[in-house]
There are 2 protein chains.
Amino acid sequence: MIKIQQNTLYGEAAARIRDMINEGLLLPGARIPEKRLCEQFGISRTPLREALKVLASEGMVELLPNRGARVMRLTRQTLEETYSVMGALEGLSGELACRYITEEEVADIQALHYQMMAHYKRKEIRPYFEFNQRIHDAIMLASRNEVLRETHSSLSYRIQRVRYSTNMIDEYWKQAVADHEAMIDCLLDRDGERLGNILREHLRHKLVVAAASGVIDDDRAASS
Amino acid sequence: MIKIQQNTLYGEAAARIRDMINEGLLLPGARIPEKRLCEQFGISRTPLREALKVLASEGMVELLPNRGARVMRLTRQTLEETYSVMGALEGLSGELACRYITEEEVADIQALHYQMMAHYKRKEIRPYFEFNQRIHDAIMLASRNEVLRETHSSLSYRIQRVRYSTNMIDEYWKQAVADHEAMIDCLLDRDGERLGNILREHLRHKLVVAAASGVIDDDRAASS
DNA sequence: AAAGTGAATTATGAATACAAAACAGCAAAA
DNA sequence: TTTTGCTGTTTTGTATTCATAATTCACTTT
């Protein structure tokens, strides 16, 4: 939620730790080694501790008084809950976008859609996801609701570490593409109610392809 | 979003500053006087600065590098946007609550509703709002989605400073009460779709009675 | 009178020091 | 062998100090 202060040491430190978490260099449940990170970043403990407060507020780490900070575990249940909330937020973004979007914006989203479809046909999953994300970002921007965008972004950031199976299930992918085609139609028709419904359901399928990496099943969480 | 660490100085300081903001002792747009607050709280600058990082992440203050912190202004537009997002979240909570709620929980909400109605009949607005809030909290709890509850709570906290006209418009109040009666019916019927729709629209009316105190009209924001 | 410049003062960000809590290892007692 | 207590070390939270940036004030120039 906080704008990242990239010209402050604590802001830079927070960004680096965030990256380390998302790249798996700091594992879920692992203690944050303050001293080592200070040496690694070449800074004193003060901005590093401030960075940890920021990261705690983002839900990336949890602070345990007198015991330091740990990387927040992401359970499959939390992921489900997060997708559910994000679905509601994206549903709202779709309704609002149909109310405020301009012709230029619709055309831009269409272009992004065609680019995404090209990658779909070529089975290029990474660029597919990138264009997919850009479409969703554009819809969110067209909603003209900054609080909505920030709230959604905050949740999205928290699950960024989730990896998706690169051996995607064709069924999922086909459903996702069908959703996107319907989304374009709704934008063209300015059918906010229908777009809202599609977006509310759209994320449900994503859980199927969330790979075990980065996510802890509830069974495993209980046993440790 | 961060769990308040009440047994740490920074946590205590954050809570105090938050209260001061919500009580109008620190005004929107006002500079946070670090030195004075340290003297007032009897602590050093370190935990106070850490507290400010926490508050920035909550959206209560904004941090300006080398210029200190300011209390975040709350514009009417931001309030509208926040209500819109909260409406979507409460809509989801209603849908989920109808899926998971127990008979005991429904009965408890009914009891809260009767207590709220008693205060409505007596025109006692403050206790009315308190029971109103407890009903919404209970529905949110029945949703069994912790991410949803925390996200909603985080937004709710940010607008806590908003004061509502004590000279409430009868029309608004009557509509709110009608909504609540319909909500109880939906819970009894486990009609999640209808409850979700009611809750999505429910907050829209609240904007009408938001008093000028604590909120800056966009015209005023532009002139300063 | 208004604008510009330089010095002094204040505020801010970060580094360092200090005190307390937690942890790890070892020895003694049960 | 297991448990408890003690000691030393490490980590954590906070206070203090230092360096830098921003602001204010006073004086000079236009």
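Heavy-atom basis, side chains included; hydrogens, waters and symmetry copies ignored. The chains referred to below are lettered A, B, ... by the order of the sequence lines, with proteins before strands, and numbering in each begins at 1.
Defined by atom type and a distance below 3.5 Å, a donor-acceptor pair is present between the side-chain atoms of B/T78 and B/T75. Between the side chains of A/E105 and A/T102, at least one donor N or O lies within less than 3.5 Å of an accepting N or O.
In this structure A/H152 satisfies the ring pair (Phe, Tyr, Trp, His ring centres under 6.0 Å) test with no other residue, sequence neighbours excluded. Take B/E103 and apply the salt bridge (Lys or Arg N to Asp or Glu O under 4.0 Å) test, not counting sequence neighbours, and it matches B/R190. Residues passing the ring pair (Phe, Tyr, Trp, His ring centres under 6.0 Å) test with B/H119, sequence neighbours excluded: B/F131. For the salt bridge (Lys or Arg N to Asp or Glu O under 4.0 Å) test, residues two or more places apart in sequence or in another chain that qualify with B/R149 are B/E146.
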Using residues 32-43 of chain A as the side-chain source, report each donor-acceptor pair under 3.5 Å to any protein atom, sequence neighbours left out, with the distance given to one decimal.
| unit_1 | atom_1 | unit_2 | atom_2 | d |
| --- | --- | --- | --- | --- |
| A/E34 | OE1 | A/R45 | NE | 3.0 |
| A/E34 | OE1 | A/R45 | NH2 | 3.3 |
| A/E34 | OE2 | A/R49 | NH1 | 3.1 |

Set out, line by line, the N/O atom pairs under 3.5 Å between protein and nucleotides 16-20 of chain D.
| unit_1 | atom_1 | unit_2 | atom_2 | d |
| --- | --- | --- | --- | --- |
| D/dT16 | O4 | B/T46 | OG1 | 3.2 |

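Rounded to whole Å, atom P of C/dT12 lies 14 Å from atom CD of B/E62. B/E39 places its CD atom 14 Å from the P atom of D/dA15, with the value rounded to the nearest Å. In this structure, CG of B/L48 is placed 15 Å from C1' of D/dG13, rounded to the nearest angstrom. Rounded to whole angstrom, the span from the CG atom of A/L9 across to the C1' atom of C/dT12 amounts to 13 Å. The NZ-C1' distance, from B/K53 to C/dG13, rounds to 8 Å in whole Å. One can place CZ of A/R36 at 12 Å from P of D/dT12, the figure rounded to the nearest angstrom. Rounded to whole Å, atom C1' of C/dA11 lies 14 Å from atom CZ of B/R70. Spacing between atom CG of A/L63 and atom P of D/dT14 amounts to 11 Å, rounded to whole angstrom units.
Mapping A/E50 and A/N66 onto DNA chain C by nearest heavy atom places A/E50 closer to the 5' end of the strand.
In this structure, A/R31 reaches the sugar-phosphate backbone alone: every heavy-atom distance under 4.0 Å involves primed, P, OP1 or OP2 atoms, never a base. Using a 4.0 Å heavy-atom distance criterion, B/R49 is classed as a base contact.
Considering only side-chain atoms of B/R67, the nucleotide from C/dA14, D/dT14, D/dT23 that sits closest is D/dT23. Distance from the side chain of A/K35 is smallest to D/dT11 among D/dA22, D/dT11, C/dT12. Across D/dT12, C/dA14, C/dT12, the shortest atom-to-atom separation from the side chain of B/E34 is found for C/dT12.
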